[in-house]
Each structure stands twice: as structure tokens, then as C-alpha cells.
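Notes follow once the structure below has been shown.
The first residue of the sequence shown is numbered 1, and numbering continues consecutively from there.
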Amino acid sequence: MEFSHLSIFIALSLALVVATNAVLPPELYWKSKLPTTQMPKAITDLLNPTDWTEEKSTSVAVGKGGVHVNNGKGKPSGGTAVNVGKGGVNVNTGKGRGKPVRVAVGKRSPFDYIYAATETQLHDEPNVALFFLEKNLHYGTKLNLQFTKTTSNNEAKFLTKQVADSIPFSSNKVESILNRFSIKKGSEEAEIVKNTINECEENGIKGEEKLCVKSLESMVDFTTSKLGNDVEAVSTEVKNESSELQQYVIAKGVKRLGEKNKAVVCHKENYPYAVFYCHKTDTTKVYSVPLEGVDGNRVKAVAVCHTDTSQWNPKHLAFQVLNVQPGTVPVCHFLPQDHVVWVSK
């Protein structure tokens, strides 16, 4: 699933004041909860790029007409205004009229354990190439890979928890959601939105604890509730994105991350604002894997290995690609750049 280009640079990454209750911006919330945890690139890429300081504030008025944000620089028209109202979600940077969000057709996540692969996914080389067997995770192994962002056309940024929570995200509110985002009912774009929400609402498999988080604050809260506050967050970092598959070799320095076979993995979904499908299992190993491409490209990849796949759909993409059966051997996959893995230190 891919969304069309979104330039939602929302001025919400600073202190919010609502009904006299101050709320920390996402960056400061992270620091308050995780003072010793470095923020990975997958997260920093989704934060508001505006150079704010802690002293600046944003006022948020939630009224009948929607959610209005004033960046504290004077009149709302002089900064960034976000209106979540009957006409959709419109972003106004003060340089003209806001544009409604548009959605492009895409695919369902290959990282959903219960979802059977479609013919489209079986022929999607970047996703197919991500899966491999743990026995091949060692120095010198050659793999054909392509590193692009799963949601390469989706530049949606994080909303603050307060604003994200004010927007419906439920299968019984789909019509309202489509109206807010100016998406035509019955269109392929609408189906993508519904599929994303349905994927988030489905029950996890046995041993899996899952939650779709709609803000950075919610991601931090979910993760710390499962792993505690002494955690490490990592993401795949690519020097140069590749336009096609090429051969990579695993270089020296493969490193196991975390001491226990449990982790919280957060996969970025396609949505008008940043939404992550986060899930935790106790049968997961995480590795840092240095890769070198034939074109000289270097990748600091993150690989996740699942030691128990017995509850997965037998027609899952991984089984069809690797020609193995559920529950027989550990299945691994590299993570795209816009996903995040959390492990206990």
C-alpha cells in the first residue's frame, strides 16, 4: 500500500496547551520516558522538521469546525494550520490553500502473520527478497536485495497523541474517516484505508500482542509496557536507496541485539498520518547486519528472526518464498527503513 506524496509538515512538535493542561511534544515525551535511548532515523524522519524550541508553544482549539492549530507566531494564517473538520483533513502552511489528502493504491503488509500472500505479492521482488532463513545469517552470505522504504511515497509525519486521538480510527467510523480525508466512497483509495484499519483491528495470533499506534507517544507507551524503559530502538539505515535488486554480501560484524527472544516490532502503515502496526512476541531474535552491495552501497540492516512460525498462515509469503512449512525452521526478514524494532538492553 502506498500513498501519494504527502507534505504534512505539521507544526505540532512542541508544547500543547489544552484546557490549561500542558502536554509534552513527541521529542520531549521520548526524552522524559527514555532518557538513555537514542532515537533511530526511522523515527526522526517522521518528526516535524521545523526548528522549534521548548519555549515556543502551540495552542490547539478543538471545536465544531475541527481541530485548529496555531503555532504561536501570531495569527493562525501566519503559520501552519491543521483543520480536521467536515471537509476533510487540510494542511495549510500559510502559503496558500490547504490540499485534501489523497491515497494511492497499494498492497497489504507482508509482515502480517495471518495474511495469505496474493499473486501480486509473490511477484513483488523487493518484498520477496526480504525473507531468508536464519541458517544463512552469517559472514559471506550473498543475497539479492533492494532497499526502499515500504511507504516510499508516504511522507506522512507523526501527529501528537492528542490530535491523533481526536481523529476516528475504527471500521465503524470509515464513512466519517473518508469524509475527513476527502476520499471518495467506493474508490480503490477508500479500500486501502479500510484494509489498513481492518488489519489493525484483527486479533493477533497466539502469543502475539499487537496494537496500531497513531502517535510516537503511543508507540513509546506500548513498548515500555511490554519491555520496560531500559530499551534500545533501531532501524535499517541505507546510504543510497536502490532502484532495483542487486547483490549484497553480509559483511563482518553481525550482532545479536537484546538478551531475550522478545522484541516489539513496529511496521509503518500507509495512512495520511504516521500509523504503525506494533506487535510483541517472545519468539523473536533481532540482529544488526552490515551489508555491502556490488555497487559499493553500504547498509546497516536490521533483521528479525521468528523462531516459532507454527501459528502463521500456511500461505504466508515467507513460506512460499522459502519453500518451508510453518513451525519447522526459524524464518527471518530484513526490515525496510521506515520500520522500528525495540529490544531490552
Side-chain angles (χ1 to χ4, degrees), residues 1-14 16 23-30 33-34 39-50 52 58 60 67 69 80 82 84 88-91 93 99-104 106 108-109 111-112 148-170 177 180-181 183 189 192-193 195-197 199-201 210-223 233-237 264-279 335-342:
M1 294 181 287
E2 290 186 353
F3 279 66
S4 60
H5 183 77
L6 302 176
S7 297
I8 309 184
F9 295 146
I10 303 172
L12 293 170
S13 60
L14 35 126
L16 296 177
V23 180
L24 289 175
E27 300 95 319
L28 295 184
Y29 187 82
W30 176 291
K33 296 278 286 189
L34 307 169
M39 193 178 287
K41 190 174 185 298
I43 296 296
T44 58
D45 283 350
L46 298 179
L47 295 176
N48 175 25
T50 308
W52 300 104
T58 291
V60 179
V67 178
V69 181
T80 297
V82 182
V84 186
V89 173
N90 298 303
V91 179
T93 62
K99 296 182 179 180
V101 171
R102 290 290 177 258
V103 186
R108 186 156 177 169
S109 170
F111 306 110
D112 187 341
T148 59
K149 294 181 180 179
T150 302
T151 53
S152 57
N153 291 323
N154 179 9
E155 296 184 0
K157 305 297 181 181
F158 274 119
L159 298 179
T160 62
K161 185 177 188 300
Q162 180 186 356
V163 174
D165 287 348
S166 73
I167 304 173
F169 189 86
S170 169
I177 295 169
R180 286 171 183 266
F181 294 134
I183 298 174
E189 297 171 326
I192 297 303
V193 170
N195 286 341
T196 296
I197 294 174
E199 182 178 348
C200 287
E201 291 182 340
K210 57 172 284 191
L211 178 70
C212 277
V213 299
K214 303 183 297 175
S215 65
L216 179 57
E217 297 95 318
S218 294
M219 182 189 291
V220 170
D221 290 345
F222 176 77
T223 299
V234 294
S235 63
T236 293
E237 296 185 18
V264 171
V265 185
C266 294
H267 307 286
K268 191 166 189 284
E269 297 286 332
N270 279 285
Y271 213 69
Y273 52 91
V275 172
F276 281 80
Y277 175 127
C278 295
H279 53 166
L335 287 178
Q337 299 169 72
D338 46 5
H339 296 203
V340 183
V341 184
W342 300 76

Side chain to side chain, [X] and [Y], heavy atoms closer than 4.5 Å:
X: V234; Y: V340; result: no
X: T223; Y: V220; result: no
X: Y277; Y: C266; result: no
X: Y273; Y: I167; result: yes
X: K33; Y: D221; result: yes
X: H339; Y: V265; result: no
X: V264; Y: H279; result: no
X: E217; Y: P26; result: yes

Rounded to the nearest 0.5 Å, what's the gap from [atom1] on [X] to [atom2] on [Y]? Could you check?
X: W30; Y: I43; atom1: CH2; atom2: CD1; answer: 5.5 Å
X: Q337; Y: E237; atom1: CD; atom2: CD; answer: 9.0 Å
X: S215; Y: F222; atom1: OG; atom2: CZ; answer: 13.0 Å
X: C278; Y: M219; atom1: SG; atom2: CE; answer: 4.5 Å
X: L46; Y: L159; atom1: CG; atom2: CG; answer: 11.0 Å
X: L335; Y: K268; atom1: CG; atom2: NZ; answer: 14.5 Å

**Request:** Work out which heavy atom in D45 is nearest to a heavy atom in K157; give both atom names and the distance.
**Result:**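 Minimum heavy-atom separation between D45 and K157: O-NZ, 2.7 Å.
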**Prompt:** Where do A156 and P272 come nearest, in terms of heavy atoms and distance?
**Reply:**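 Smallest interatomic distance, heavy atoms only, reads CB-O, 3.1 Å.
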**Request:** Pick out which of Y271, F111, F158 makes a ring-ring contact (aromatic ring centres under 6.0 Å, His included) with F276.
**Result:**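 In the set Y271, F111, F158, the residue that makes a ring-ring contact (aromatic ring centres under 6.0 Å, His included) with F276 is F158.
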**Request:** Output yes when a side-chain donor or acceptor of K214 lies under 3.5 Å from a complementary backbone atom of A164, and no otherwise.
**Result:**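 Indeed, once roles are kept as given, a pair shorter than 3.5 Å links the two residues.
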**Prompt:** Hey, mind stepping through I197 and I177 against side chain to side chain contact (heavy atoms under 4.5 Å, CB included) and telling me if it holds?
**Reply:** CA-CA 11 Å; I197 294 174; I177 295 169; 3.6 Å; yes
**Request:** Please identify each residue that fulfils side-chain hydrogen bond (donor to acceptor under 3.5 Å, both in side chains) with S170, with sequence neighbours left out.
**Result:**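 Expected list: N172.
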**Request:** List in chain and number order the residues that pass side chain to side chain contact (heavy atoms under 4.5 Å, CB included) with C200, two or more places apart in sequence or in another chain; answer none if no residue qualifies.
**Result:**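 C200 satisfies side chain to side chain contact (heavy atoms under 4.5 Å, CB included) with F169, C212 only.
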